[in-house]
Amino acid sequence: MVANNDSKSLFYLQVIGGSHKGEVFPLAKKTIIGREPSCTIALTRDNKISRQHAIIVFTNNSFYIKNLSKNNKLIKNKKSIKESKVGFTDKITIGSTTFRIVLKKNKEQNISQINPSKKKKKSFSPVSILTILIIIGSAYMHLNPKKEKVKIEDREISSQNISSTAKPISFKELGIKPKVNVNAQSQYVKGFRDFKKGQYERGALHFQRCLAFEPNNKLCNRYLLLSKKKIQELIQFNVTLGRKYKDQKQYKACGSAFRNVAFLIKNKNDKIYQEAIANEKICQSMVEGNF
């Protein structure tokens, strides 16, 4: 049985399991599948399907499917998914219905399957040969897709915005955008706030965590280097300040400056750290009168 036959469509959705088994539906640029009659493909006899269960989008010579249901699953090759690219070899299940994407069938092939006695001899004209080459080329592109991930943004979709025309659709209109590493982004925001407040050590820690989640993050790498540079500037400033206070016999301020140097470095094997600790002890002794 063939439902919703559309001679202009090159690709079809073929139901291979469930109460709608045997039915074939043409695919548009955007195809909504669900139990609701207003859907592009309405599978009304399957009570386990949501009113709007899934959307199939054709873009960049590939098909992508996304689960629109909050309560029911979308299964691709026996694995639950939220969204994924779909090829001709993939089997998709929603509710108790299983289907796959197929190329348009030849009319004479369909007639021969129904009544073999009426099979006609095929004669190939240049136009038909060209059409066959185009179909083979399209099939090759689908069976050898580029390795890329596309995310379809969550949004309310109604049957009114479904179009089957051949007009090009922009990425913005489809709601497609690249995936963002949420953990890396969160650490970058925290680090940037600390950097702006002059808390360079805390900022550097967040930028390092960001790079642990996403090693090639350019912003985190840039601000980590800037934070380290600022820390070195603070170390040098406090060393100079400590020596100045020591010469001026302002021992309390001297001890505080060298203490800041040790706190910023933390590495006990560092020569500047060792010098800062020694000077802090000298200044502290002078404050306490132990000289």
Side-chain angles (χ1 to χ4, degrees), residues 60 64 66 81-85 146-155 170-291:
N60 291 342
Y64 300 89
K66 178 179 175 63
I81 59 169
K82 290 184 178 180
E83 56 187 273
S84 175
K85 181 179 284 188
K146 292 180 180 179
K147 293 183 178 179
E148 58 179 354
K149 256 192 171 181
V150 178
K151 186 176 180 64
I152 303 174
E153 186 181 11
D154 292 329
R155 58 179 179 177
S170 65
F171 270 63
K172 185 176 180 181
E173 186 178 348
L174 287 173
I176 298 173
K177 58 183 180 181
K179 186 176 180 180
V180 176
N181 190 312
V182 177
N183 292 324
Q185 185 69 14
S186 174
Q187 291 298 325
Y188 167 72
V189 171
K190 291 177 182 178
F192 186 75
R193 288 174 182 169
D194 289 333
F195 184 87
K196 281 293 186 180
K197 292 177 183 177
Q199 298 174 351
Y200 305 117
E201 188 179 22
R202 284 178 56 183
L205 181 61
H206 286 301
F207 295 133
Q208 286 172 344
R209 289 173 180 172
C210 167
L211 291 171
F213 288 115
E214 191 177 351
N216 295 324
N217 191 301
K218 293 182 180 180
L219 286 173
C220 289
N221 187 55
R222 176 187 175 189
Y223 278 98
L224 176 60
L225 294 175
L226 287 174
S227 297
K228 288 181 178 180
K229 183 180 179 181
K230 290 291 184 181
I231 290 170
Q232 289 300 318
E233 290 175 357
L234 282 174
I235 291 171
Q236 189 59 44
F237 173 78
N238 279 280
V239 167
T240 303
L241 197 63
R243 290 171 181 172
K244 177 182 176 181
Y245 286 141
K246 185 179 179 183
D247 293 340
Q248 294 176 352
K249 298 182 179 181
Q250 297 181 30
Y251 299 116
K252 191 173 182 178
C254 160
S256 178
F258 284 117
R259 192 159 46 249
N260 288 337
V261 173
F263 175 79
L264 289 168
I265 297 176
K266 290 186 175 63
N267 182 5
K268 294 181 180 181
N269 296 321
D270 190 279
K271 291 183 179 180
I272 299 177
Y273 174 91
Q274 294 171 355
E275 179 188 343
I277 292 295
N279 280 311
E280 181 192 359
K281 288 180 179 179
I282 292 172
C283 292
Q284 188 65 30
S285 296
M286 298 300 290
V287 171
E288 295 173 355
N290 299 325
F291 53 90

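As a basis for the values below, the full set of heavy atoms in this structure was taken, side chains included, without hydrogen atoms, waters or symmetry mates.
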To the nearest 0.5 Å, tell me how far C220 SG sits from H206 NE2. 11.0 Å
Is the F192 ring parallel, tilted or perpendicular to the Y223 ring (thresholds 30°, 60°)? perpendicular
N221 side-chain N/O to N217 backbone N/O, donor-acceptor pair under 3.5 Å: no
Residue of the set K228, K230, K266 for which salt bridge (Lys or Arg N to Asp or Glu O under 4.0 Å) holds with E201: K266
Would the distance check show the side chain of N279 and the main-chain N or O of G242 forming a donor-acceptor pair, the cut-off being under 3.5 Å? no
I would like to know whether N267 and Y273 meet side-chain contact (heavy atoms from CB on, under 4.5 Å); could you show each step before the answer? CA-CA 7 Å; N267 182 5; Y273 174 91; 5.7 Å; no
Would you give the length of the straight line joining atom CD of Q187 to atom CG of L205, rounded to the nearest 0.5 angstrom? 8.0 Å
Are Q284 and E288 packed together at the side-chain level, in the sense that at least one heavy-atom pair is separated by less than 4.5 angstrom? yes
Between Q274 and K268, is there a donor-acceptor pair closer than 3.5 Å when you use the side chain of the first and the backbone of the second? yes
Taking the six-membered ring for Trp, are the ring centroids of Y251 and Y245 within less than 6.0 Å of each other? no
Interatomic spacing from CD in Q250 to SG in C283 - rounded to 0.5 Å: 10.5 Å
CD1/I231 to CG/L226 distance, rounded to the nearest 0.5 angstrom? 11.0 Å
Nearest 0.5 angstrom please: L264 CG to L234 CG, how far? 6.0 Å
Atom CZ in R222, atom OH in Y188: separation rounded to 0.5 Å? 8.0 Å
